[in-house]
Amino acid sequence: MKSVPEKQQDRTATAGSARQIRLREQLTKAVFFCTASFAVIVVAFILLFLLRDGYPIFAAEGILPFLLGPSWAPTAVEPQYGIFPLIAGTLLVTLGAMVFAVPLSIGCAIYIAELASPRVKSILKPAIELLAGIPSVVYGFFGLIVLTNFIRVTFDLPSGETWLAASVLLGIMALPTIISVSEDAITAVPREYREGSLAIGATRWQTISQVIVPAALSGIAAAIILGIGRAVGETMAVLMVAGNAAIIPEPIWNILSPVRTLTGTLGIEMGEVAVGSDHYSALFGVAVVLLVITLIINLSAVAILRHLHEGRTARPGKKPLIPSHISDGIITIVKAAFLVLLLILLLAATPWYVAVLIITLAGAWYYGRDRLSRGQIETISFGLIVASAIIVLAILIIILQDIIINGLPALSWEFLTQPPRDLGREGGIFPAIVGTLYLVTGAILIALPLGVGAAIYLVEYTREGRITRIIRTGVDLLNGTPSIVFGLFGFAFIVLYLNAGVSMIAGQITLALMVLPTIIRTTEESLKSIPQSLREGSLALGATQWQTISQVVIPPAVPGIVTGAILSIGRAAGETAPIMFTAVVFSQRFLPDSVYDPVMALPYHLFILATNVPGSATNKYGTALVLLLLVVGFYAVAILIRTHFQKKIRG
Amino acid sequence: MSESAIITTQDLNLWYGGKHALQSVSMHIPKNRVTALIGPSGCGKSTLLRCFNRLNDLIDHVKITGEITLDDENIHDRKTDVVSLRKRVGMVFQKPNPFPKSIYDNIAFGPRVHGVRNKTDLDRIVEESLKRAALWDEVKDRLHDPALALSGGQQQRLCIARTLAVEPEVILMDEPCSALDPIATAKIENLIDMLKEDYTVIIVTHNMQQAARVSDYTGFMYLGKLIECGKTVQIFEHPKEELTENYITGRFG
């Protein structure tokens, strides 16, 4: 038992510390606000430095001549800096990729959302996540060895490095994005629509094609836009297979012509340019154009998805984003676009029998459509849908089996523990493995506190308002920035301006900036999934906000945060473009002594082996396999953690 | 039962996974009459209703035994085409569920999927259906507005019109007024009264006054069993079973 005076003393003691507590709370909040503003600051810095280094070329050439100039010849005696062929190349490659990817992805998404049994779904969904996890340099490697060869032989060309190859490869890489976002949109269509349509006696196909897909149209549109963003911003894969001649195909539908994209130009030329020259400045101009294009694309997709999400929480009676007469218009435009594409395909089809086949099929469909019964149409449509799912799965299997079968013989103790010899033809990849691990560890150590802090600020400390909107937009912009642009920024800001040199720390920071949005997003999601009643319960007991966050909210959110972190590690481990100019060297016998030394890294090693070192087939495949296993391993761990804790929560 | 039956169930059992949701239900649904299914929540009345157009097929792990015949054809027969069954047996849901399309396109959806392409035919069907659903006067000037802009009661009448547009023989109504205000409810009830001239209506309701008002026949269900079934007047005034009497007099439920 305490005596009375002691008790009073107690009370004054708490009153004294109450002020301290309040101060501490405000300080914590301020710290979290700083971490949250970081994303916005980074975006501003990226823009600032790209413009700073790109400005001279805009000033010297003028904006319009730079954008529309017909010739890109920076190393000619009289250098020419017109990026029109590069913009055209980017657009053509992206267009081709979408022609390939959109029908396949939508078919596959419909299959997963509407037709697949739970068992098939449980195979297909991880398969598509796996497809998303393959590093772009591995795609490029596969494209360079298998795809371009296939095209070269099939069309009897001197080289298979073409627009077609780049489009197919980019299409494959865009598949997972489009499939997963469209599948979400289709699954989110209210069950009542489905039942209403079936109850009238519509067939399943009629229900899908006339009710469900139109209702999911905005989501599918956003999925396609995101896929376009992915394709426009991709560097390594496209630069390895596109042929990279800065020309506009002649004639314009010649899909067997080589092309060069904006990203490819940066990837090829940035490493060899003299800092401060016109050429250097022109490359930053290219980066500015690229950034603007991708930001517009990504922000429009984000706007559509956000509107959808709001609409879902405030149903019904809310007007749809796309009024029905406009969505009918969109469908008409899409149909017309497909007709035009069909025409282009016809013109491009070199063997005449392909053209005949296309015409026959189109004609048969057009005239046969009304004569077929509903059941027959349903059978045909479901056949096509199942076929698209099978094709997607087959693509994954082909890529994996090629790399595994050819890579396995290279795997040996020596390969994993020795430094490379003879330009990587002999010896192992030990320094590259260690370098990659160093890079991703450093990146995650930098990005994790910043990202988690930003997410805590966004979810716990503010209401939705102007500040959160600005921060969210910053995060979205960062998320949509192509990885090569991060590479350029890292080079201009960290390597040159901060004078860090080509060093491990420069690569770590660049990678950290790149994975920051992923960490913020996943942390936000897992914080939001903690029920409000827990917070209220804690606050009602007199806990401060920070006590509530640190002791009640964060512990159950840890699995989600860890999952996000590991996914980011996986992504960072597979990236080439951001470290290419900031951190890596091709050959180094020894491990780095400090963070200011350059390192070797697996993706870059694979890139150089594949493009610059002839006759190292076994070691190429071995490197690709190790990189693939490493990245997929990270993803697998993340997925295991996720499912483990999901089960635990369900009980 | 004196009147001719359009739907007959014989010893119908249904399981959701391990749950025995319908237990040995045998009943007749008379043609061109309104039959109400009443009973406390979870007694299986909606489940029974969804058997008549096989909408339970959409749910996993459902097992059904016994027989349901529509005009002497077993609807669970392998030869039965679910799609044409649903054309003959229309359904109106608890919550109005218009598609996110225009009013016109909502009504025309059914005829279109069943192959009507001609614009004049479609116009005529839309107009007739809306008139029969007593909605025409309210929407005739804005047929191309989005259906979601209508009020709840109008949306439900739109859904009824949508059902009528495919000219079913039977209309299933699953608590069609539970999401509506009293005025909208009265309109729907009047409509049901008019509909029985041409259609057979089966309505699930938890509102006994409604059952008494609109139906000719009533089936009382309890815990998955059909306890009693007969003329509405008889069920409400002289129930044979004690359970029915207890429920109707409000002693439980």
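Order of the sequence lines fixes the chain letters, A, B, ..., with proteins taken first and strands second; residue numbering starts at 1 for each chain.
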Fill in the blank from the handout: When the 4.5 angstrom heavy-atom criterion is applied to B:F99 and chain A, the contacting part is both

Problem - Under 3.5 Å side-chain donor-acceptor pair for B:T120 and B:N118 - result: yes

Problem - Check ion pair A:D476-A:R472 (N to O, under 4.0 angstrom) - result: no

Exercise for the section: For atom NZ of B:K196, decide whether the heavy atoms of other residues, nucleotides or ligands shown that lie under 6.0 angstrom number more than 12. Expected result: yes

Exercise for the section: Identify which part of B:V89 has an atom lying under 4.5 Å from any heavy atom of chain A, answering side chain, backbone, both or neither. Expected result: backbone

Problem - Region of B:R88 in contact with chain A, defined by heavy-atom distances below 4.5 Å - result: neither

Completion exercise
Max heavy-atom pairs within cutoff under 4.5 Å with chain A, candidates B:L55, B:N97, B:V113, B:L150, goes to B:V113

Exercise for the section: Kindly give the heavy-atom pair with the smallest separation between B:L164 and B:A133, and that separation in Å. Expected result: CD1-N, 4.2 Å

Handout entry: Residue B:E167 excluded, over 12 heavy atoms near CD under 6.0 Å
Key = no

Handout entry: Per-residue contact mode, A:R191 against chain B (heavy atom under 4.5 angstrom)
Key = side chain

Exercise for the section: Ignoring hydrogens and angles, tell me if any N or O in the side chain of B:E189 forms a donor-acceptor pair with the backbone of B:Q210 under 3.5 Å. Expected result: no

Completion exercise
Answer key: most heavy-atom pairs under 4.5 Å with chain B among A:G196, A:A215, A:P118 is A:G196

Exercise for the section: Can you check whether anything in residues 202-209 of chain A gets within less than 4.5 Å of chain B, heavy-atom wise, and list it by number? Expected result: A:A202, A:T203, A:Q206

Problem - Side chain, backbone, both or neither of B:P98 within contact of chain A (heavy atoms, under 4.5 Å) - result: backbone

Problem - Donor-acceptor pair, side chain of B:H206 and main chain of B:E175, under 3.5 angstrom - result: no

Practice task
Could you tell me whether the side chain of A:S388 and the main chain of A:I106 form a donor-acceptor pair under 3.5 Å?
Solution key: no

Practice task
For the pair B:R86 (side chain) and B:R54 (backbone), establish whether a donor and an acceptor sit closer than 3.5 Å, ignoring hydrogens and angles.
Solution key: yes

